[in-house]
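First comes the structure, then the notes that go with it.
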Amino acid sequence: MLRLLLRGAAGSARKNGGRGPVAHLQPLRQYSSSQSSGAAKVVAASLLTVGGGIGGTVLYAQWDHKFRATVEKNVPYSDSVFGLILGPAPQNAGPPVRTQLESTQPQSMLEKRAKTSKVQSEKKVKGTTETEAIEPTPTVSVPAASMEEASVEATQIISASGDVPSVPAPCDTEPTVVTEHCDECHPAGPEAVLHGADSPTEQLVERPAEEVSARLAQQDQDEQNVLAAVSSSLEESLACSARAALQAIGAQEAALQAINQHTQKLKEAMEAESPPEEKSVQWKDLEAALMDRTSAVTDATAALQKANEALDSLRTTIRNSKDLKVAAARPLVLAAEENLHKMAVDLDRVVAQVQSAEAESKIVSQYSDLVQEAKLQFQKEVSSLTPEIQANWKGLTGKLSSDDLNALIAHAHRRIDQLNRELAEQRVREQIHIDAALQQQKLEDQRVLENAVSSSLQHVKEEARLEQERKMNELREVMEAEMRTQLRRQAAAHTDHVRDVLKVQEQELRAEAEQVLSSKLLDQETRHRQLTQEQLDNFTLDMNAAYARLKGVEEAIDSHLVAEDEARRAHQLWLSVEALNHTLKTAGAEEPSVPLDSAAQIVRDSCREDDFASALAEALPAESLSRGVYGEASLRARFNSLRSLVRRVALIDESHNSLYQYFLSYLQAALLFEDQQVAPPTQLSSEDLDPFKLLSYASYCLEHGELELAAKLVNQLKGEARRVVEDWLTEARLTLETRQVVSLLSAYANAVGLGTTQAP
Amino acid sequence: MSERELGRKLDRCLADGVIKLGTGLGLGIVFSVLFFKRHTWPISLGSGAGLGMAYSNCQNDLRSHYLLHRNQKVER
């Protein structure tokens, strides 16, 4: 447009300029400047317009990249101009602005995907570091992550369809899902870590079952040992203490007996009013009894001491065994305690008896002393008073039984009555003494009562304790039994479970073992098979090699035979072919040769195996076989005679064959002269096909012995000339064929002979 | 021998011509004597016819190779 304007302006300027000098010469000078200035104005205006346009385009392209791209696309070389002026275009200029947001969104999504994948990898790393208990959680996280990825892909697809505002929504949900999952992971993580940490420590602390069982067995063993020891010790001490107790009881009883006896004796001695000899015997007896009693008492005390010691020892052993806290020993301990208690009770009883006896004896002795005192006093009194009561007094001292005592007391009362009157002071003194004695007795009774009470209390306490212990033992046993049943039930359940697990394990192990076995067997089998195969292969190779060699040798021999046979045959063939060749030469001047049949038969016979030779032998024309072939000389002679005839019918052919034509051809033959023999050219042209020329060529060839070429030349004759020459041509062909075959055969025989001939 | 064929044909032609000429001449003479008051034209007619027939025969014989005969046509 601008250029057009420019041109138009230039044209108009030219026009104006052109018209100017034509129309107005004078004002031209004025106008010329104005014209030139007008042109300059136009030029300047156009330049300004162009410059302004370009500058505006450049500025706008700098501001709007899309416009720049459009311009670059549409206007060639504008991209270089823009590059020079503005610098290279920014990257975003390539894709359209529509998809800019989408490109950024997918990028952000990709970033988020990278983040999630990183988180997943972290999780996976955590999972691998944790123990197997945590494996389920990473596998759970992986499908969740794949689902997340699928959702991301879906969102990408949705966004790619061009709906920009909908894109941020899935992106927003994604991080929350991720964080949720992370949160889920994190609590599981520390737990897992803890669990992981605990399990090793537990595993460190927890002893294996064998050790526990061993320890339990050891414990049982120890318990048994301890039990045995305890029981043995208890038994020992029990026996010892029983012995001692029995001994003590026996001794005590003996002492009791002795005391009673002594007391009895004393009483008797006190009571009895026996003659003085008996009295002295009685007193001796008494003394003896006293001695016995003292000895018995000492024995008893010693025995009691021993028994007490034994009982103490038993008690200590019982305490020790109690301290050992062995459950099985409790009944033993209890029994021992009971025995101890019984023994103690018996001992105490006996001791109480002895003490009571002693008290009695003491009473009695006291009484006897009193009585003795009284008696002495009485005696003193009596002696002081009268000597006749001494007889009563003697009778008094012998008896010590209760009746005697009562009698004595009655006597004493009587005496008191008797003496009451006399000595009220003595009675008062006796009353005081009796009071004192009663008090003493009361005290002693109280003491004894206290002892008895205390001992019985102790016994009762002991019995209660024993009862309690027995009850406790029973309860314990019951509980033990119950616990045992529960444990048994648990053990049964455990055994069932263990049996099931064992069964499963057994199956698994069996399958594994079978697999291993089968694989091993397979390996062995394959190895064995490989070895056998290798052996077989080697053997086969050797056999093949030997066989091949044998075959080679055989073949060499056969080939030798064959070669010799072939040589013979070749020789024969050569001979027969030579014979055939010779028969050809038997052609006479005017007759054909001998029929080649016999020679050909010989040739056929000699070359029965040779396909080529037999084919050649078959290829001999039948006429030659039956009739023989003409020689070249005869053919030549015949041709010479033919020549004139051919000359005469040279003009006759299919179209020209009336008698008049015959006359004309005869005339031509008479008038035309040609050379007798002319060498034929290497290439026949159309003018060489004239019969006369052909005849001269053929004569030349025949004279030079080229029957083949002559026949070819003669073959070019046409029409009646051809008809005339037909027979000669056939004969010539026959001869040529036969000669060719024979020459081939002889060449072949020569070649074969050469081939089969072995150099010496 | 094919080269003798022509000789044979020509021999035949000649013989045939002689015969036909002779026969025509004779018949002409006869007719001229008998029927046509010893004019010469039957003689010349007869001899001419005879010669003409002989010529035609000879020509046909010489042409016979180049003409397809009915039996050959039937064969084809």
Side-chain angles (χ1 to χ4, degrees), chain A residues 590-592 623 627 630 634-669 691 695 698-699 702 710-711 714-715 717-735, chain B residues 1-32 39-76:
Chain A
E590 288 298 317
E591 310 97 32
E623 273 290 317
R627 195 207 54 184
Y630 283 94
S634 63
L635 282 171
R636 205 182 306 133
R638 194 164 154 189
F639 183 73
N640 289 331
S641 63
L642 267 176
R643 193 175 170 169
S644 56
L645 186 59
V646 170
R647 287 181 78 250
R648 268 184 242 140
V649 294
L651 278 176
I652 311 297
D653 57 20
E654 298 98 24
S655 48
H656 311 98
N657 52 12
S658 61
L659 264 177
Y660 179 60
Q661 297 284 346
Y662 271 94
F663 171 68
L664 284 175
S665 87
Y666 266 86
L667 195 62
Q668 186 191 40
L695 284 172
S699 289
L702 273 175
V714 166
N715 199 26
L717 287 169
K718 295 210 173 22
E720 190 64 33
R722 178 55 178 275
R723 272 189 64 215
V724 161
V725 161
E726 200 69 45
D727 268 351
W728 184 89
L729 204 54
T730 319
E731 286 300 322
R733 275 210 197 101
L734 202 69
T735 308
Chain B
M1 299 275 196
S2 58
E3 62 260 27
R4 294 198 190 133
E5 195 66 37
L6 186 65
R8 268 189 238 122
K9 274 187 188 166
L10 284 175
D11 288 345
R12 273 208 297 274
C13 274
L14 209 64
D16 193 42
V18 165
I19 292 166
K20 285 206 168 53
L21 186 68
T23 312
L25 193 71
L27 272 176
I29 287 169
V30 163
F31 274 101
S32 155
H39 284 283
T40 51
W41 59 269
I43 297 164
S44 52
L45 181 72
S47 59
L51 201 63
M53 280 197 280
Y55 183 89
S56 178
N57 263 354
C58 190
Q59 196 167 266
N60 265 346
D61 195 15
L62 287 169
R63 262 189 193 165
S64 67
H65 184 257
Y66 296 104
L67 291 170
L68 282 172
H69 290 277
R70 205 178 284 270
N71 53 1
Q72 283 174 353
K73 258 201 211 164
V74 167
E75 275 177 26
R76 273 188 226 151

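Lettering of chains follows the sequences in order, A, B, ..., and the numbering in each one begins at 1. We use all heavy atoms of the structure for the numbers below, so side chains are in, but hydrogens, waters and symmetry mates are not.
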(request) Find the one option among A/E726, A/Q661, A/R723, A/E731 whose heavy-atom pairs under 4.5 Å with chain B are most numerous. (result) A/R723
(request) Please look at A/V646 and chain B and tell me whether the side chain, the backbone, both or neither of the residue comes under 4.5 angstrom of a heavy atom of that chain. (result) neither
(request) For atom NE2 of B/H65, decide whether the heavy atoms of other residues, nucleotides or ligands shown that lie under 6.0 angstrom number more than 12. (result) no
(request) Let me know if A/L659 has heavy atoms under 4.5 Å from chain B in its side chain, its backbone, both or neither. (result) both
(request) Pick one of side chain, backbone, both or neither for B/L62, based on which atoms fall under 4.5 Å of a heavy atom in chain A. (result) both
(request) Under 4.5 Å heavy-atom distance to chain B, tell me which part of A/Y660 shows up: side chain, backbone, both or neither. (result) both
(request) Heavy-atom pairs under 4.5 Å with chain A are the metric here; pick the option from B/R4, B/E5, B/R63 that has the most. (result) B/R63
(request) Let me know if A/R638 has heavy atoms under 4.5 Å from chain B in its side chain, its backbone, both or neither. (result) side chain
(request) Measure A/E720 against the heavy atoms of chain B and call it side chain, backbone, both or neither at under 4.5 Å. (result) both
